[in-house]
Amino acid sequence: MAKKVEAILPGNIYYLHFDKPRLATHTLEWRRKQPNYGRDLIIDGDETGNKSLGYFRIHVDPIGYIHSITYLGTRSIAVDNILCLYGMHEKYLNRLVARFDEGVIKDFVEFFEESWALPLMHDRFQAFVKWSRVDLMSRKLDSDMEDIMKQLSDAISLGVKISEEERKQMYSRFDQGTERKFWDQNVSDKNKQRTLTLNICTKARELQSGEGRKGVCKALNPLG
């Protein structure tokens, strides 16, 4: 269970830190010396010359998951939306790490307020991800995808680090393969189904109330 710390500091400066509980001895300095620390993505207004940006740090573990978020600045931010990012993989965040390294992201606050990020803030997004993963992975993969999965499995079993070039090759094979087309189409179909369900439930609310309406919505939407 993660914990949130927030405060208003002198000068009307807002401080937010979201992280999992740690031992008092596991300071940031100590953690940064550990081989499995991962990396920090930092935008510091003092360093860029634009102090209005404040200080924004996102810690990403070696696998790519968001483990902590820190913000210090005078701007108003959508705290609840930002906290939704905790525990997500950076690939869901519009290739956060790659875009940061490419210099595309100049302001994390504005980046996460873009339209592509809105679905991530939905309270059922994580349930959607889990349901889609179970549904999609239940089918038999084609030979090319099975080969990619075997390479990844072998590397994990042997403790071998996959090079960046190998990652790019595997991603390119997946991106151009039939599995990618199936995944994209499947997700698109599920989004259409959820839109249809929402429209039906909205109509049901107009026509009736009580347990009958809840039964209609629950039957149509597996996520509740």
Side-chain angles (χ1 to χ4, degrees), residues 1-6 13-20 38-45 47-48 50-136 167 171 174-175 180-181 183-199 201-202 221-224:
M1 178 67 70
K3 64 177 183 178
K4 176 180 70 172
V5 177
E6 56 183 334
I13 297 175
Y14 177 68
Y15 170 76
L16 169 70
H17 181 67
F18 200 65
D19 198 354
K20 62 183 180 182
R39 62 177 297 191
D40 292 322
L41 310 181
I42 300 174
I43 292 181
D44 188 342
E47 293 184 356
T48 62
N50 184 357
K51 292 188 176 182
S52 65
L53 295 178
Y55 175 87
F56 205 129
R57 177 172 66 88
I58 300 174
H59 176 64
V60 183
D61 75 4
I63 304 176
Y65 287 93
I66 308 300
H67 269 207
S68 74
I69 298 170
T70 304
Y71 172 75
L72 183 69
T74 56
R75 287 189 297 174
S76 175
I77 63 173
V79 177
D80 290 340
N81 288 350
I82 293 296
L83 298 186
C84 287
L85 308 178
Y86 177 83
M88 284 191 189
H89 195 279
E90 59 91 10
K91 295 296 186 184
Y92 286 120
L93 311 182
N94 210 355
R95 296 173 56 247
L96 176 68
V97 172
R99 289 179 179 273
F100 179 82
D101 290 340
E102 292 165 1
V104 175
I105 305 174
K106 306 298 184 181
D107 182 352
F108 280 135
V109 175
E110 289 188 357
F111 182 68
F112 293 128
E113 288 179 346
E114 293 176 4
S115 58
W116 64 264
L118 293 178
L120 306 180
M121 316 304 180
H122 196 282
D123 60 356
R124 293 181 182 174
F125 180 74
Q126 293 291 359
F128 169 74
V129 170
K130 183 178 179 180
W131 187 38
S132 297
R133 183 185 298 119
V134 172
D135 189 37
L136 293 169
R167 288 174 185 268
Y171 180 80
F174 166 71
D175 195 43
R180 176 59 184 266
K181 295 182 177 64
W183 281 52
D184 288 346
Q185 184 60 48
N186 194 287
V187 170
S188 175
D189 290 345
K190 290 186 185 304
N191 285 335
K192 291 177 182 177
Q193 177 60 40
R194 283 161 180 72
T195 301
L196 176 62
T197 298
L198 178 60
N199 291 338
C201 289
T202 301
N221 190 355
L223 296 181

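Count residues from 1 along the sequence. The figures here come from the full heavy-atom set of this structure, side chains too, leaving out hydrogens, waters and symmetry mates.
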Query raised in the report: Yes or no on side chain to side chain contact (heavy atoms under 4.5 Å, CB included) for E6 and Y14, after CA distance, side-chain angles and deciding distance?
Result: CA-CA 7 Å; E6 56 183 334; Y14 177 68; 2.4 Å; yes
Query - Verdict with supporting geometry, H67 and K20, side chain to side chain contact (heavy atoms under 4.5 Å, CB included) - result: CA-CA 7 Å; H67 269 207; K20 62 183 180 182; 3.9 Å; yes
Query raised in the report: Does L16 reach the side chain of V5, with side-chain heavy atoms less than 4.5 Å apart?
Result: no
Query raised in the report: Is the closest side-chain heavy-atom distance between F111 and K106 below 4.5 Å?
Result: no
Query - CE on M121 to CG on L83, rounded to 0.5 Å - result: 10.0 Å
Query - Spacing of CG belonging to L118 relative to CG belonging to N81, to within rounding of 0.5 Å - result: 8.0 Å
Query raised in the report: Is K4 paired with D80 through a side-chain N to carboxylate O contact shorter than 4.0 Å?
Result: no
Query raised in the report: Checking ring-ring contact (aromatic ring centres under 6.0 Å, His included) against Y71, which of F112, F56, Y55, F108 comes through?
Result: F56
Query raised in the report: Is H89 reaching over with its side chain to a backbone N or O of I63, donor-acceptor style, under 3.5 angstrom?
Result: yes
Query raised in the report: Given side chains that start at C-beta, do those of I69 and L85 come closer than 4.5 Å, heavy atoms only?
Result: yes
Requested in this report: Taking the side chain as every heavy atom from C-beta outward, state whether T70 and Y15 have any atom pair closer than 4.5 Å.
Outcome: yes
**Report entry** Full working for side chain to side chain contact (heavy atoms under 4.5 Å, CB included) between K91 and V97
**Finding:** CA-CA 8 Å; K91 295 296 186 184; V97 172; over 6 Å; no
Query - Inter-residue atom distance H17.NE2 - R57.CZ, 0.5 Å rounding - result: 6.0 Å
Query raised in the report: With a 4.5 Å heavy-atom cut-off, do M88 and L120 have their side chains touching?
Result: yes
Query raised in the report: Could you give the distance from CD1 (I82) to CD1 (I58), rounded to the nearest 0.5 Å?
Result: 7.5 Å
Requested in this report: Would you mind telling me which of L93, N94, I43 makes a side-chain contact (heavy atoms from CB on, under 4.5 Å) with I105?
Outcome: I43
Query raised in the report: When rounded to the nearest 0.5 angstrom, what is the spacing between CG in L53 and CD in E110?
Result: 8.0 Å
**Report entry** Charged N-O contact under 4.0 Å between R39 and E90
**Finding:** no
Query raised in the report: Within a strict 4.5 Å, meaning less than it, do heavy atoms of the R75 and D107 side chains meet?
Result: yes
Query raised in the report: Y92 and W116: aromatic ring centres closer than 6.0 Å?
Result: no
